[in-house]
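All chains are named by letter (A, B, ...) in the order of the sequence lines, taking the proteins before the strands, and each is independently numbered beginning at 1. Note that these values count all heavy atoms, side chains included, but never hydrogens, waters or copies made by symmetry.
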Amino acid sequence: MTFEQFIFYIFATVTIVSAIGVVTMRNPVYAALFLILAFFTSAATWILLEAEFLGVVLVLVYVGAVMVLFLFVIMMLDINIDPLREGFIRYLPVGILVAVIVAAEIIIVLSSDTFNMAIPDPMPLSYSNTKALGEILYTEYVYPFELAAVILVVAIIAAISLTMRKRNDKTKRQNISEQVRVKSKDRLRIINMKSEEKQ
Amino acid sequence: MPEYLSEIAPAYPEIFLLIATCAVLLLDLFVKDYQRYITYIVAQASLLFTAWLVYTATDNATVVTTFNDMFVADPMGRVLKISIILITMAVFAYSRPYLKDRGMYKGELFTLGLFAVLGMMVMVSAKTMLLIYLGLELLSLSLYAMVAFRRDNKQASEAAMKYFVLGAIASGMLLYGMSIIYGLSGSLNLSHIATYLSSQEAVMSNLGLLLGLSFILVGLGFKLGVVPFHMWIPDVYHGAPTAITMFLGAAPKIAVFAMVFRLLAEGLGDMVIGWQQILVLLAALSLFVGNVIAIAQTNLKRMLAYSTISHMGFVVMGILAATEAGYAASMFYIITYAIISMGGFAVIIFLSNKESEADELADLKGLSTRHPWVAFMMLLFLFSMAGMPPTVGFYAKLSVIQAVVGADVIWLAVFAVIMSVIGAYYYLRAIKIMYFDEADKDIAPAKAGFEFGALLSVNGLAVLGLGILPSFLMSICVASVNAIL
C-alpha cells in the first residue's frame with residue numbers, strides 16, 4: 001500500500017462514517033456537523049485526485065456558506081425530531097437487508113476485472129487544475145454551464161414563490177419621507193377659544 | 001451574421017425560450033393582478049414562437065449537432081419538441097379558470113411552466129449524459145415547485161414532498177449509473193459511448209457496464225413511473241392541484257420518452273439484450289398493477305394515475321422491441337397518450353368549481369344529461385384509453401403490440417391484450433356512471449368559457465380524427481426514427 005492509498009482509505013472511511021452519522025443522529029445539529037465533516041473529507045479526496053480547485057470550492061461554498069446557513073435554520077426552527085423518526089426501528093431490518101444486498105453486489109462488481117485499471121501517472125508539477133477547468137468551462141462546456149445557471153434561477157424563483165407572503169396593511173411601519181416633509185401645522189392645531197369665566 | 005452565431009443556429013429555439021421566459025418573469029412584476037392576462041398571453045406567444053423556431057430551425061431529414069457535439073437537432077427531436085410545446089400551450093389554456101378560482105393565477109406559475117418546457121427541450125436534444133441530467137433537473141425542479149404551489153393546501157404540500165424526495169433518489173440512481181458508464185467508456189457523449197461499446201468484445205459479461213446499466217434503468221423507471229418504481233404516481237397525481245396534474249401527466253412524459261430513447265437506443269444500443277430483459281419485466285408488471293389496482297379506485301384522479309402506469313407499460317413495450325417499428329410505435333403512443341390524458345383531466349377541471357374539486361368517480365353521475373357534449377368528449381377520451389376503435393388509443397396499442405410480436409416476444413403481446421381487456425372494465429364503468437346513473441343531488445351546471453369549450457372539442461375530435469387517420473402522425477414518427485437509426 002502506497003502512502004497515497006493509505007491517506008485515501010483514511011479519508012474514505014471518515015466520509016462513510018460521517019455519512020452514516022448524518023442519517024442516524026438524533027440531534028439535527030450533530031447531523032449537520034457530520035455533514036460538514038463529510039464535505040471536508042470529500043474535499044480531501046478530490047485534492048488527492050489533483051482537483052485542488054474543486055476541493056477548495058467545496059469547502060468554501062458548502063462548508064463556509066451553505067452549511068452555516070443550514071445550521072442557522074436548524075437552530076432557529078427548533079424541530080422536534082421524534083415524530084420524524086417514528087417507524088425507524090420498524091423499517092430498519094428491511095432497510096439493512098436491502099442495503100446489504102446492494103452493497104454486496106457492488107462489492108462483487110467492483111472487485112471484478114472490469115475495474116482493474118492501471119493507475120494513471122500523476123500530472124507534472126506545472127499542471128494547474130484551475131487553469132484546465134477555466135479553459136473548458138466557458139468554451140467546450142458553455143451550454144451545460146449556462147443551463148446550470150438556469151437551474152439556479154429556477155431554484156430562486158421556486159423558493160421565493162413558495163415562501164413569500166404579502167404583508168397585510170395593518171403592519172406598523174415608518175414612512176421616512178413623510179416624516180421629514182411634515183410641517184408644524186400638520187401636527188399642531190391651534191384653536192381659538194374663549195377663556196372660560198371664573199365661577 | 002457572424003459565423004459563431006450561425007454555428008449555434010440549431011439551438012435558437014432554446015435560446016429564445018430562455019430569453020422569453022426571463023422577459024415574462026420581469027414583465028409580471030409590472031402587471032397588476034387584474035391585468036394578469038397580459039402575462040398569460042405573452043407566455044403563450046413565446047411558446048408559439050418557439051414552436052415556429054423549432055419548425056424552421058431544421059428540416060425533417062437532417063441531423064445537426066452544435067455546442068461541441070453536445071446538442072443535437074434531429075427530426076425526432078423536432079417532432080417531440082413541437083408536441084411538447086403545443087401540449088403545454090393547451091394545458092396553460094385549460095388550467096386558466098381553475099387557477100383563477102384557487103388564487104394560483106400568478107406569473108410565477110407560468111414562468112415555472114416555461115422553465116419546465118425549456119428543461120424538456122434540453123432533454124430531447126441532449127447528446128451527452130450531462131445534458132440529459134441537467135435538462136431532467138431543470139424539468140423536475142420546476143415541477144416540484146408547481147406541485148407545491150398551493151402551499152396552504154396540506155394534500156398538495158404532501159404530494160410535493162413525496163415527489164421531491166423520490167425524484168431526488170431517482171436522479172441520484174441515474175447519476176450513479178451514468179458515472180459508472182462514464183468511468184468505463186471515458187466519455188459522456190452518447191455516440192462515443194456507442195462506439196466504445198461496439199469496440200468491446202463481450203459487452204454482456206462486463207459486470208461494470210451491467211451495474212451502470214441497472215442503475216440507469218432504475219432511474220429511468222422512476223421517471224417513467226413503471227412498476228415497481230411507481231409508488232409516487234398515485235399520491236402525486238391525487239395530491240397535486242388538478243391543473244398541475246394535467247401538466248405533469250402530459251408533456252413531461254414525452255420528454256422522458258426522449259430521454260429513454262437517447263440513453264438506451266442511441267447510447268447503450270449494444271447492450272440491448274441486457275436492458276430488454278429488464279424492460280420486459282417492468283412492462284409486464286406495469287400492465288398488471290396499473291390495470292388491476294385501478295379497478296379498486298373511487299377517485300378519478302387516482303384512477304387516471306394507475307391508468308398512466310399501465311400506459312407507460314405499453315410505451316416500454318414498444319421500446320423493448322428495439323426495432324425501428326417499435327420505437328416509432330412508442331413515440332406515436334406517448335404523443336397520443338399525452339393528448340388523451342390532457343383531455344381526461346380537462347373534464348375534471350371543467351366539473352370542478354370554486355368550492356369543490358370534482359375528482360370523485362361519483363361526480364360524473366348524470367353528466368350526459370347535464371352536459372351532453374362534454375360527456376361525449378369524456379367518452380372519447382375513456383374509449384381511447386381503453387383502446388377501442390375508432391379512437392386513436394386503439395391504433396397506438398395495435399402498433400405497439402405489432403412491434404412486440406415482430407420482436408418475437410409473443411407472450412408479452414398476449415399478456416398486454418388480456419390486461420387491456422381487464423383495464424377496459426374501469427373505463428367502461430366510468431362511462432356507465434356518466435350515461436346511466438342519475439345524479440344524487442342537484443348540481444349547478446358547470447360554467448366554462450368559450451376558449452375552454454372550443455379547446456375541449458378540438459382535443460376530443462383530435463382523438464377521434466387521429467384514430468380514423470393515424471397514418472398522418474404515424475408516418476412522421478416512422479420517418480423521424482428512421483432518420484436517426
Please report the interatomic distance CG(B:L118) to CD1(B:I15), rounded to the nearest 0.5 Å. 10.5 Å
Calculate, to the nearest 0.5 Å, the distance between atoms CG and SG belonging to B:L17 and B:C22 respectively. 9.5 Å
Tightest non-hydrogen contact, residues B:V147 and B:A240, listed as CG1-CB, 3.9 Å
In terms of heavy-atom contacts, B:M178 and B:I216 come closest through N-CG1, 3.8 Å
Determine the interplanar angle of the B:Y105 and B:F110 rings, folded into 0 to 90°, and report it as parallel if under 30°, tilted if 30 to 60°, perpendicular if over 60°. perpendicular
Heavy-atom count check: over 12 atoms from other residues, nucleotides or ligands less than 6.0 Å from [X] [atom1]?
X	atom1	result
A:Q174	CD	no
A:E4	CD	no
A:I176	CD1	no
A:Y141	OH	no
B:F30	CZ	no

Highest number of heavy-atom pairs under 4.5 Å with chain B: which of A:I160, A:I151, A:V153, A:V142? A:I151
Counting heavy-atom pairs under 4.5 angstrom with chain B, the leader among A:A148, A:A159, A:P144 is A:P144
Checking an interface table here. Which of residues 150-173 of chain B come within a heavy-atom distance under 4.5 Å of chain A? B:R151, B:D152
With chain A as the partner chain, list the residues of residues 205-214 of chain B whose heavy atoms fall under 4.5 Å from it, by residue number, and write 'none' if nothing qualifies. B:N206, B:L207, B:G208, B:L211
At a 4.5 Å cut-off on heavy atoms, which part of [X] comes close to chain A: side chain, backbone, both, or neither?
X	result
B:L131	side chain
B:T21	neither
B:L18	side chain
B:I180	side chain
B:F115	side chain

Salt-bridged, B:R36 to B:D28, with N to O below 4.0 Å? yes
SB check B:D74 B:K127 (cutoff 4.0 Å): no
Toward chain B, the part of [X] with a non-hydrogen atom under 4.5 Å:
X	value
A:A155	both
A:V150	both
A:T139	neither
A:L162	both
A:S112	side chain

Below 4.5 Å, heavy atoms only, C-beta onward: do B:P13 and B:M121 meet side chain to side chain? yes
Any side-chain heavy-atom pair of A:L54 and A:L49 under 4.5 Å: no
Intermediate values then yes/no, side-chain contact (heavy atoms from CB on, under 4.5 Å), B:L130 and B:Y182: CA-CA 10 Å; B:L130 181 62; B:Y182 171 60; over 6 Å; no
